[in-house]
Amino acid sequence: MAWTWRFEKSDGTEVQPAVEPDEFTTQGDAESWIGEYWKELREGGADQVTLSEDSTRIYGPMSLHAE
């Protein structure tokens with residue numbers, strides 16, 4: 001199983017992340033990583049992220065902007 005993030009603008013257009021993610025083997029590892037790098041990702045042009053396990057979307061889009 002591989003857990004991956006998709007990085008998007010607010011309109012859903014995919015963007016390259018400012019920080020290249022690792023390959024995650026657990027959901028917890030993926031979520032810990034996004035918790036550590038979300039500010040850099042937002043500053044690099046991503047507005048939201050979606051988490052997937054292999055080809056199945058788990059949740060998202062989740063905003064990287066404070067409410």
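The chain is numbered in sequence order, starting from 1.
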d(Asp47 CG, His65 NE2) to nearest 0.5 Å is 3.5 Å
Exercise. What do the steps show when you test Glu53 against Phe24 for side chain to side chain contact (heavy atoms under 4.5 Å, CB included), and what is the final call?
Worked result: CA-CA 10 Å; Glu53 179 185 18; Phe24 308 107; over 6 Å; no
- Query: Salt bridge or not for Arg6 and Glu8, using N-O below 4.0 Å?
  - Reply: yes
Q. Quick one: are Asp22 and Trp33 in side-chain contact, heavy atoms under 4.5 Å?
A. yes
Scanning both residues in full, the closest heavy-atom pair of Trp3 with Ala30 reads CB-CB, 4.1 Å
Using the rule given for side chain to side chain contact (heavy atoms under 4.5 Å, CB included), can you reason through Thr50 versus Met62, listing the C-alpha separation, both sets of side-chain angles and the distance that settles it, and then say yes or no? CA-CA 6 Å; Thr50 298; Met62 177 178 70; over 6 Å; no
key: Donor on one side chain, acceptor on other, Asp29 and Ser32, under 3.5 Å   = no
Test side chain to side chain contact (heavy atoms under 4.5 Å, CB included), reference Leu64, set Tyr37, Trp38, Phe7, output is Trp38
On a heavy-atom basis, the closest approach of Gly44 and Ala18 is CA-CB, 3.7 Å
*Say whether, by atom type as modelled, one donor and one acceptor occur between the side chain of Lys9 and the main chain of Gly45 under 3.5 angstrom.*
yes
On a heavy-atom basis, the closest approach of Glu31 and Leu51 is OE2-CD2, 4.2 Å
Separation between CD (Gln48) and CG (Leu41), nearest 0.5 Å, reads 13.0 Å
Inset, instruction - Go through the side-chain N and O atoms of Thr13 and Asp11 and say whether any donor and acceptor fall under 3.5 Å apart. - result: yes
